[in-house]
Structures are given as C-alpha cells and as structure tokens.
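Working notes, structure below.
Here the structure is a predicted model, which is why all the values come from computation and not from measurement.
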Amino acid sequence: MGPERVSVVAGPRPGGPTLGGPTLARLVSAEDLGLRVLTGGDLLDRTVRWVFTTDLRDPGRYLAGGELVLTGLMWRRRPADSEVFAAAVAGRGAVGVAAGAAALGGVPDDLVEACARHGLPLLEVPAEVSFAALTRRVMTDRRGRPADRGALLAVVAASGDLAAPLAIVAGELGRPCWILGSTGATLAASRPLPPALAETMTARFHRSGCQPRRARHAGRAFALHPLTPAPRSRFLAVETGGDPDLDLGPVAADLASAVALHAAREEERAAARRVPAARLVRGLLTDDRSPRELGELRADLGLTMPLTAVSVAVTGADGPAAAASLLRGLDPAAITEWDGETLALVPADPDPAPRLRTAARLLAAALPSRRLTVGVSGTASRGPRPHEALQEARYARRLAELRPDTAAVTSGDDIDSVDLLIAAMPRGIRRRFREGLIGAVEAYDARHNARLLDTLSAFLSHSGSWQRCAADLHVHVNTVRYRMRRVEELTGRDLGRFPDRVDLFLALRLAEWERRR
C-alpha cells in the first residue's frame, strides 16, 4: 500500500451485493448523533451504502462509490491538503464526508470550501460521538436489524477486535467457535479453549496444507476452515458435535472479510511504530544516536519495562511476514527489519523462549521447505541495556542456524560463553585464528589420515588425561602421546601449558563451527 495505511474499512467486497442504507438526511436528523451540516445541505437525499474510515490524505484508490467517508483529519498538515482529499473522495463517487472535530478543535474552513467546490456534503461529527456508533447506524436497516451479515461483520471488526464478529458466527451456528493463528494463539473465542488443544488443532490444520478439514480430539469433533493464507494463516475452528453436514464455507467467507480488516488495522498500528523502532534499533546497534536521542525514542515507544530481544529469520520472499507472525503473540514493543533478520524487543516477563519454541514449531509446519531460526537474549541481558540484548539475540540466532532443525530456537541461556564469543567474531578473524593455530594439523591429517585433530579434541575433552583419552579412542596410551607430540611440533604450542590448551580448544571449536555452517 505504500507508507500510508487505511485505518478502518467497512466497505463492499469486489463483486459483492448492493446494500441499501439510510440517506444523509436521515443521519442528520438523528438527535443522538448530533451531526452538523457544514456544506451540501441540498444534497442530503443521497443514500449511504457503505462506510469507509480513513486518515489518508488521498484515499481514492480504496473507494468504490456510495460511501460516507469518516475521517479524524489526521491527514491534514496544511490547507492545500483539503483540496487533495476532497477531490479524491468526490472523484470516486463517495456520497459525503463526516469529519471528527476532536483532533483539530473543529473542521477547518479550507476543507469546507474544498468540499463545496466538489459538490460533496460535509458533516461535522461531535467529539462525544464515536465513529463506531455512526458506522453501526449506517450499517443497520431502518427496522434496526442487520442489513447484511458480511457488511456487519466487517463493521464490527473495525471496532478493534475479532470477538464481536466471532460471536455473530457462534450465534448463527449455535456452536462454540474460535479463531486461531498460525502459531497456535487463540485470537478470539466464544468460550475458553485450553492452549494445548489450540496447539493440537493448529498442528492438524497445518498438516492438511492449511485446507478445510475435520479433526477429533479427546472425543470432541471439530471443523477447521482457513480464513487467510500462509504465512500469516488464521483459521476458524468450530466444534461440530459430529454433524457431518455442517458447511463452514459461507460463514468463513464472511468472517474472512472481518479478519482481513482486523489484520489491516494491526498493520496500521505496527506501521506507526515501525519508523521509531527502526531508528532505535539502528541507534542501539551502530551507536549513531546520542544517549538523549535513544532515550527519547525509547520513551516514544513506551520501553520502560525489562526487555528481551528476539532475532528471527525465515527463508523465502515472505520471510519478514512470517517472522512478524511469529512475534505477534509476544506483543513486541519494537520490531524492525535489520540486515536480513527481524529484530524485536518484547516484554521479558514471562520468559518468551518457551512460547517461541512452540510457536516456531507450529509455524514451520505451515511453511514446508522453509528454514526458521530464532535467537533470544538470555536473562542476564535484561534490564536497562537493550543494545546488549539485541547483540546477544543476533549471536544466538547464528548459533541456531547451525542446528539441523527446520525450526531452531536458541536462547542466550542455552549456550556457553565460548559459543557466544565465536558467534560474535567476524568470519575473517575466525578463519585466520583457526588456520594460524591448527591449519598445519588439518593439512597433515588430510595427507596422512593421522587423526591428530580427533585425538587432540579427545585429549582436551578429558582434561589432558592420557589414560581416559586412550580408552575413549580405543588406542594405546603411547599412540596418544605420539600424536600429541606431533600436534605440538606442528602448532608450536605446549599442551602442558593451560593457555596453549585454551587456544587450541578455541581453534577446534572454530573448526567445528565452520564445518556445521
């Protein structure tokens, strides 16, 4: 969509049915709404078919005709903006504009003049009247009953959550219903659902290729129906009571409209935080921001609680979208893309690592042939120094890349300091350090198959015990002694000295690291 985002949309689906509605005059005459006509009083016989709420300066590409456009005027930065807005709205066949007076303390004269020039009725909405109340009035027929279930679902979704549209579905079906996300999170529920059951149904839905399916669990029968595609897949789960004729197709189609609108609102809220989050992360990782600037950015994002950092990478073109889906359940305080990975700062309490492991496993099942790696900062890095947590999360994710799992999650609490140190080293330095210490031994092994490196590794792992090393390798102790003398000759190091043993241990870990990569 570009940098601007639609805040709330309640409008027709392409090719959908025509929906009748009240006239502008009927809305103006409603005393409880208190609408005031600013211009276009002679055009109030127009019928309002749809409602569209926006804070875009040019919302034309989202209009289909017949809408009453609701706006809080957040798009207005200068008087000339009103002409752009009015021209776009009138040009797409909207029947009028209802402007909230709260943000600017009133509707500006330049908007009144622009709407008059374009023959567009303009109504002022009092600060005490919500757009939700006005929307509900438009989207009910004159007898007070819902005019169209699909439109009503979309309108209710615009109120900010999925509970209301799901309640309509549950009431219509007369059965318990849930909306579940790709990571097993319950997004809306007509009655409580145990987390373990939510995870089970999510796993079964993913195994079906995110297609409609039936499932049974602990004697209960469920129908699962997709609402959105992967990687941000969401699906409807309905307890069927074993009814084989229950068809979720029509109701799922209507509910999918509500879910799509809800997702658009989520994206808009995320977009509002994306720029300051990106500035904060860049500043923390590169030191290109002063402490004062970083403090202001943290305050803008409300980062006052102890934080855990998370780094996520998902292969594929839609990897960032999948990563955002994984992180959504953690309520991230800041999230941004950085150098091929998605970085987030999330509340540290409770520890997010266990939830991430479950969510990553479920999400990976919905993304076949993909690789998902996650790094989480450890408990020691929580508190007032998020730059350390971010670095640790990135290093932990690099370690997760070395694991064979399709979905690998590594926490800073799971790894020792040596691995963390190696992960932090630039690749060139790792290579030079390894080759400088054991490069000659590697070359000797390659020519003679002497197993010097294997013996060195066993010797160090047994703390320099000749006997235990020999027993582990099933060779004579003199063979171990001979091989270690050869290692000393090739490396110039003394295995009787602890510092030399440490250097050789690090070189072996670096070699292992490179092989696993």
message: Under 4.0 Å between a side-chain nitrogen and a carboxylate oxygen: does that hold for Asp405 and Arg357?
response: no
So [Y] and [X], do their side chains get closer than 4.5 Å, heavy atoms only?
X: Phe235; Y: Leu180; result: yes
X: Ser190; Y: Arg175; result: no
X: Val125; Y: Leu35; result: yes
X: Leu327; Y: Val312; result: yes
X: Pro192; Y: Trp178; result: no
X: Val89; Y: Pro59; result: yes
X: Leu390; Y: Leu345; result: yes
X: Leu356; Y: Leu326; result: yes

Strictly distance-based, threshold 3.5 Å: is any side-chain N or O of [X] a donor or acceptor partner for the main-chain N or O of [Y]?
X: Arg57; Y: Trp75; result: no
X: Thr315; Y: Arg371; result: yes
X: Ser325; Y: Ala321; result: no
X: His217; Y: Met201; result: no
X: Thr358; Y: Arg355; result: no
X: Thr71; Y: Thr54; result: yes

Looking only at heavy atoms, what is the nearest atom pair of [X] and [Y], with distance?
X: Gly340; Y: Ala313; result: O-CB, 4.2 Å
X: Ser182; Y: Thr202; result: O-CG2, 3.7 Å
X: Gly100; Y: Leu73; result: O-CD1, 3.5 Å
X: Ala323; Y: Thr342; result: CB-OG1, 3.4 Å
X: Val346; Y: Pro352; result: CG2-CG, 4.0 Å
X: Ala94; Y: Leu120; result: O-CD1, 3.7 Å

Going from [atom1] on [X] to [atom2] on [Y], what distance comes out if it is rounded to the nearest 0.5 angstrom?
X: Leu193; Y: Glu199; atom1: CG; atom2: CD; answer: 10.0 Å
X: Phe222; Y: Thr200; atom1: CZ; atom2: OG1; answer: 9.5 Å
X: Leu367; Y: Asp318; atom1: CG; atom2: CG; answer: 7.0 Å
X: Leu187; Y: Leu236; atom1: CG; atom2: CG; answer: 11.5 Å
X: Leu343; Y: Gln391; atom1: CG; atom2: CD; answer: 9.5 Å
X: Ser233; Y: Leu362; atom1: OG; atom2: CG; answer: 10.0 Å

- prompt: Ala87: what forms a side-chain contact (heavy atoms from CB on, under 4.5 Å) with it, not counting sequence neighbours?
  reply: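 If we apply the side-chain contact (heavy atoms from CB on, under 4.5 Å) test to Ala87, skipping adjacent residues, the hits are Glu83, His118.
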query: Do any pairs count as a salt bridge (charged side-chain N to carboxylate O under 4.0 Å, His left out) and have a residue in residues 204-225, sequence neighbours left out, and if so which ones?
result: Arg220-Glu239
- prompt: Is it true that the side chains of Ser311 and Glu341 contain a donor and an acceptor less than 3.5 Å apart?
  reply: yes
task: Could you verify whether a donor N or O on one side chain and an acceptor N or O on the other, from Arg234 and Thr228, lie under 3.5 Å apart?
output: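 No, because no side-chain N or O of Arg234 sits under 3.5 Å from a partner of the opposite role on Thr228.
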statement: side chain to side chain donor-acceptor pair (under 3.5 Å) filter on Arg361, not counting sequence neighbours, yields none
message: Could you go through Leu372 and Thr406, starting from their C-alpha distance and side-chain angles, then the distance that decides it, and tell me whether this counts as side chain to side chain contact (heavy atoms under 4.5 Å, CB included)?
response: CA-CA 6 Å; Leu372 191 156; Thr406 301; 6.0 Å; no
